[in-house]
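Let me begin by presenting the structure, written as structure tokens, before commenting on it.
These figures come from a predicted structure and were not determined experimentally.
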Amino acid sequence: MRRYYVAFILAAVFLSGSAYGFNFNLYDFGDSPFDENNNYSPISYPYGIGNEPSPGTLGEGGEKFDLEGLKVAMDNDYVYVAMANSFGYSAYSTGWNRTYELGDLFIGTGSGLGYAIDLTNGGSNGLYQVTGRQGIPNYPGTYYGTSIAPLAGDFRMTSGNYLGSVTTMMTFWDNYETDYLTPGDGDTYVWEFRFARSLLGDFSQLDFHVTMACGNDVMNKTVAVVPEPGTILLLGVGLAGAALLRRRKTA
């Protein structure tokens, strides 16, 4: 009887995980693409995220223009990034009769956002060292010209030097977000990126920033570089050897 009970519990756990877990393609970040950025922004918007004077003025804000999560991981060879939003590459406002695009994903190594993944062209054009940039554009229905605009930060790279390729994938999940902003439908798009770690040189942290053309939401994130277990082991062996050598000299 106990054997059947254990089998039932394991089956229930497996089925619940497959029903609610998200399947990443390039790196396993766990069972959800959302993080602390979901339904949150570092900017205090008038009346909250998704509201005036951006497309939310016409009742189209909320989930339709929401950035939901950004996760980062590294190994010895690659940097992996997963970014979730509710609109894919762009969101269309019927009230303003305009499409508002996703901005480029800006990346820094501790001294400004000097790099970017070119999302303007779908992400597959690669990683660039940024030489020119712009904030949110002067479109009707955006935060352009308000106190929010400088807080929204860089929107798009206007020029840059190509550094290397980026593997890019985007997956759509219907009604995956259960805690979505209203109005909205819970649809989720997850962008995944992988690029060679060596393209950024030496760094001890990575900074990320992304917004969209209306300036209606912003994600900022800083990730400290954690040494690989093998690196930590080598460091420990080196320190132990230095301590042993010093002990012999003083003996």
With a 6.0 Å cut-off on the ring centroids, do [X] and [Y] count as close?
| X | Y | result |
| --- | --- | --- |
| Tyr40 | Phe34 | no |
| Phe24 | Phe22 | yes |
| Phe193 | Phe195 | no |

Over-ring placement of Arg98 relative to Tyr139, 6.0 Å and 45° cut-offs: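 Geometry flag: set, cation within 6.0 Å and 45°.
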Cation-pi, Tyr80 ring and Arg194 (6.0 angstrom, 45 degrees):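 No cation-pi geometry.
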Heavy-atom side-chain contact between Met74 and Leu206 under 4.5 Å: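 Counting from C-beta outward, Met74 and Leu206 do come under 4.5 Å.
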Note, Asp187 side chain near Phe172 side chain (heavy atom, < 4.5 Å):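 Yes. Closest side-chain heavy atoms under 4.5 Å.
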Polar contact flag, side-chain donor to acceptor under 3.5 angstrom, Tyr45-Asn216: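 Side chains of Tyr45 and Asn216: no pair found under 3.5 Å.
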Distance-only side-chain donor-acceptor flag, Asp207 / Gln205, under 3.5 Å: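 Result is yes, a qualifying pair exists.
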Mutual orientation of the aromatic rings belonging to Tyr176 and Trp173 [parallel < 30°, tilted 30-60°, perpendicular > 60°]: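 Ring orientation of Tyr176 relative to Trp173: perpendicular.
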Whether Tyr162 and Tyr128 hold their rings parallel, tilted or perpendicular, with breakpoints at 30° and 60°: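 Because their plane-to-plane angle is over 60°, the rings of Tyr162 and Tyr128 count as perpendicular.
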Could you pull out the closest heavy-atom pair between [X] and [Y], with the gap in Å?
| X | Y | answer |
| --- | --- | --- |
| Ala116 | Phe106 | CB-CD2, 4.0 Å |
| Leu127 | Val166 | N-CG2, 3.4 Å |
| Ala213 | Pro137 | O-CD, 3.3 Å |
| Gly215 | Ala152 | CA-CB, 4.5 Å |
| Asn37 | Leu70 | ND2-N, 4.2 Å |

Joint hydrophobic cluster, Leu163 plus Leu113, side-chain heavy atoms closer than 4.5 Å: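 Looking at the clustering, Leu113 is in a separate group from Leu163.
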Steps toward ring-ring contact (aromatic ring centres under 6.0 Å, His included) verdict (Phe87, Tyr89): CA-CA 6 Å; Phe87 54 87; Tyr89 175 66; 8.7 Å; no
Full working for side chain to side chain donor-acceptor pair (under 3.5 Å) between Ser90 and Thr99: CA-CA 6 Å; Ser90 62; Thr99 296; 5.2 Å; no
Salt-bridge present (Asp35, Lys221; N to O < 4.0 Å):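 Yes.
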Electrostatic pair Asp104-Arg156, nearest N-O below 4.0 angstrom: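 So Asp104 does not pair with Arg156 through a salt bridge.
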